[in-house]
**Student:** 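To start, I am sharing the structure in question, which I have written as structure tokens.
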Amino acid sequence: FSQAAQLSVNDTLRVLASDDDGVTWQVVAEYDNAAGLTLAAESLELVDLSGVAGGPVRIAFEFENICGDAQGVEWGLDDILVCSDEPLPS
């Protein structure tokens with residue numbers, strides 16, 4: 001996926017995955033910055049989902065704004081693509 005974000009101190013961006021219809025979730029990618037970060041231009045991110053592969057998977061994106069400040073409230077996602085090296089079962 002492509003992302004652009006503005007993070008302030010203690011903000012965390014997470015990609016989560018579930019292989020049990022959302023009963024439990026595991027963090028498959030996490031982005032944070034204690035010093036503040038701006039991804040003004042889109043950056044390409046690759047996330048390994050092999051830990052939940054083998055059946056249907058749900059994917060979630062979570063933005064945790066610890067401070068509650070107005071600066072860290074932006075996370076743009078685009079071009080989300082889920083693919084596999086394995087052929088689909090027939």
Side-chain angles (χ1 to χ4, degrees):
F1 66 95
S2 298
Q3 72 172 346
Q6 183 168 348
L7 296 174
S8 60
V9 176
N10 298 323
D11 290 343
T12 305
L13 311 175
R14 293 184 188 93
V15 182
L16 305 120
S18 172
D19 60 0
D20 59 7
D21 206 26
V23 175
T24 60
W25 293 90
Q26 46 183 298
V27 175
V28 292
E30 185 170 86
Y31 311 92
D32 60 18
N33 187 2
L37 171 69
T38 300
L39 300 171
E42 285 188 14
S43 65
L44 179 63
E45 301 295 331
L46 302 175
V47 176
D48 182 6
L49 297 174
S50 61
V52 292
V57 174
R58 290 181 183 254
I59 300 170
F61 298 89
E62 176 182 73
F63 188 135
E64 185 176 16
N65 181 256
I66 300 288
C67 303
D69 63 338
Q71 178 182 354
V73 294
E74 184 178 340
W75 188 19
L77 301 170
D78 197 5
D79 303 323
I80 298 170
L81 175 66
V82 179
C83 56
S84 171
D85 294 336
E86 301 293 324
L88 292 173
S90 51

**Student:** Same cluster or not: are Leu77 and Trp25 linked, directly or through other Ile, Leu, Val, Met, Phe, Trp or Tyr residues, by side-chain heavy atoms under 4.5 angstrom apart?
**Tutor:**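 Different clusters.
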**Student:** For the hydrophobic clusters of this structure (ILVMFWY residues joined by side-chain heavy atoms under 4.5 Å, transitively), does one cluster hold both Val15 and Phe63?
**Tutor:**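 Val15 clusters together with Phe63.
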**Student:** Would you give the length of the straight line joining atom CG of Asp19 to atom CZ of Arg58, rounded to the nearest 0.5 angstrom?
**Tutor:**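 Separation between the atoms: 11.5 Å.
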**Student:** Specify the closest pair of heavy atoms between Val23 and Ser18, including all atoms of both residues, with the distance to one decimal.
**Tutor:** N-OG, 4.0 Å
**Student:** Could you tell me which residues satisfy side-chain contact (heavy atoms from CB on, under 4.5 Å) with Val82, sequence neighbours excluded, listed by chain and number?
**Tutor:**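 side-chain contact (heavy atoms from CB on, under 4.5 Å) list for Val82, sorted by chain: Leu49, Ile59.
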**Student:** Taking only residues two or more places apart in sequence, or in another chain, which ones meet Arg14 in a side chain to side chain donor-acceptor pair (under 3.5 Å)?
**Tutor:** Glu30, Glu62, Glu64
**Student:** Any link between Ile80 and Val28 through a network of hydrophobic side chains (Ile, Leu, Val, Met, Phe, Trp, Tyr) touching at under 4.5 Å?
**Tutor:** yes
**Student:** Do Leu13 and Val47 land in one hydrophobic cluster if side-chain heavy atoms of ILVMFWY residues count as linked below 4.5 Å?
**Tutor:** yes
